[in-house]
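Structure, as structure tokens:
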2 protein chains.
Amino acid sequence: MKIGQLADKTGLSIQTIRFYERKALLAAPQRTQSNYRSYSDEALKQLLFIKQCRSLDMTIEEISLVLETRAKPDNSCETVNATIDKHIDDIEQRITELNALRRSLVSVRSTCADNKKVKECGVLHQLESIAETRTTPKNII
Amino acid sequence: MKIGQLADKTGLSIQTIRFYERKALLAAPQRTQSNYRSYSDEALKQLLFIKQCRSLDMTIEEISLVLETRAKPDNSCETVNATIDKHIDDIEQRITELNALRRSLVSVRSTCADNKKVKECGVLHQLESIAETRTTPKNII
DNA sequence: GTAAACTCTATACTTGGTATAGAGTCAAGC
DNA sequence: GCTTGACTCTATACCAAGTATAGAGTTTAC
């Protein structure tokens, strides 16, 4: 199967598939005489797995780790579970941060009604006051 | 004041300050004879303003817009409020998405106990099953 | 035979910075 | 006067997870 068909079947773009190959998530496939990539059904399965992981917002690195673990059926799946657990933690933390951020924004926003002029704008005044700067999260997620 | 002092006073890194200058958030300062940047207190204020906006996770573009509006004291502050409102909306949407994501992850995770082998791992099985792929958010925030 | 559709590689772009390299400048101590 | 260390300058590359292009070659349909 050529890359276009694989893209159709997976719903991923052709560039994304090539990108995953470069990132070593997907093994480099065989090539036709004209140097076109030629994929097996295994590749399709692999890509759907990757897509599923990405839909859970796992990073390429996390997926890489999971794929590596998966390759050895008799190993413990501990690292997979640990990856998911950490990922859940990260997301929970990010939710907490965003909630705090939302509260700050709502608070700032509440200081200005509509139809004011710039010089009277409470929001701008708020932004000028050097409130104890909340250290904002590196937005990983 | 030289850039190092400004960095100390604002808590921003020297590179970040130069980066903001390149992005036109901060006006290019005067230069000494030896081509060192020489800042006024205005620049300090401006940077603190920018830092405050960034701490609210506003993008460079949003900050740019707000700064532009702020420059005209008699204009309406409508665009500022609109920017904040949209920003709040975006964050609320992102929180909703992350909550959904968290539920999915917890659900996947619940299918595997500890100390299983890869071939028995419920999490891996879940990831293989081609569940209706939740279209995952482009993580803007 | 030719045009459309497909594929290839390589490269640049996105965001908000961070991290170098290599060169120049300044102040202090000897 | 000279050296050393701290500072600054520009330019460039890097991060994640792709997306978008240019320019070339290939296959397919008519």
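All values below come from the heavy atoms of this structure, side chains included, with hydrogens, waters and symmetry mates left out. Letters A, B, ... mirror the listed sequences (proteins, then strands); counts begin at 1.
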Those residues at least two apart in sequence (or on a different chain) that pass salt bridge (Lys or Arg N to Asp or Glu O under 4.0 Å) with Asp41(A) are none
Q | Path from Tyr39(B) to Tyr36(B) over hydrophobic side-chain contacts below 4.5 Å | A | no
Residues at least two apart in sequence or cross-chain that pass salt bridge (Lys or Arg N to Asp or Glu O under 4.0 Å) with Arg109(A), listed by chain then number, are Asp114(A), Asp85(B)
Residues passing the salt bridge (Lys or Arg N to Asp or Glu O under 4.0 Å) test with Glu42(A), sequence neighbours excluded, are Lys45(A)
When Tyr39(B) and Lys23(A) are each assigned the nearest nucleotide of DNA chain D, the 5'-most assignment goes to Tyr39(B)
*Examine dT27(D): is either OP1 or OP2 under 4.0 Å from a nitrogen or oxygen in the side chain of Ser34(A)? Give yes or no.*
yes
dG18(D) phosphate, OP1 or OP2: any side-chain N/O from Tyr20(A) under 4.0 angstrom? yes
Enumerate donor-acceptor pairs with a distance under 3.5 Å from any side-chain N or O in residues 12-26 of chain B to protein atoms, sequence neighbours excluded.
| unit_1 | atom_1 | unit_2 | atom_2 | d |
| --- | --- | --- | --- | --- |
| Ser13(B) | OG | Thr16(B) | N | 3.0 |
| Ser13(B) | OG | Thr16(B) | OG1 | 2.8 |
| Glu21(B) | OE1 | Arg37(B) | NE | 2.8 |

Outer limits of DNA chain C sitting under 4.0 Å from a non-hydrogen atom of chain B, read 5' to 3', are dG16(C) to dC26(C)
N/O-N/O pairs, protein side and nucleotides 5-8 of chain D side, under 3.5 Å:
| unit_1 | atom_1 | unit_2 | atom_2 | d |
| --- | --- | --- | --- | --- |
| dC7(D) | O2 | Tyr36(B) | OH | 3.4 |
| dT8(D) | OP1 | Gly4(B) | N | 2.7 |

Between CZ of Arg22(B) and P of dA13(D) the distance, given in whole Å, is 13 Å
Contacts of Lys117(B) meeting salt bridge (Lys or Arg N to Asp or Glu O under 4.0 Å) (sequence neighbours excluded), chain-then-number -> none
Sequence neighbours excluded, the answer for side-chain hydrogen bond (donor to acceptor under 3.5 Å, both in side chains) partners of Glu120(A) is none
Could you tell me whether Asp90(B) and Lys86(B) make a salt bridge, using a distance below 4.0 angstrom between a side-chain N and a carboxylate O? yes
Atom CZ of Phe19(A) and atom C1' of dT19(D) are separated, to the nearest Å, by 10 Å
Residues at least two apart in sequence or cross-chain that pass side chain to side chain contact (heavy atoms under 4.5 Å, CB included) with Arg103(A), listed by chain then number, are Asn99(A), Ala100(A)
Open item on the list: Is Thr32(A) close enough to dT26(D) that one of its side-chain N or O atoms is under 4.0 Å from OP1 or OP2 there?
Closed with: no
Contacts of Thr111(A) meeting side chain to side chain contact (heavy atoms under 4.5 Å, CB included) (sequence neighbours excluded), chain-then-number -> Val123(A), Gln126(A)
Taking for Gln33(B) and for Ile60(B) the nucleotide of DNA chain C with the nearest heavy atom, the one nearer the 5' end belongs to Ile60(B)
With five pairs defining each end axis, the helix from dG1(C)-dC30(D) to dC30(C)-dG1(D) comes out bent, to 10°, by 30°
Rounded to whole Å, the CD-P distance (Glu62(A) to dC15(D)) equals 17 Å
Side chain to side chain contact (heavy atoms under 4.5 Å, CB included) filter on Ser107(A), not counting sequence neighbours, yields none
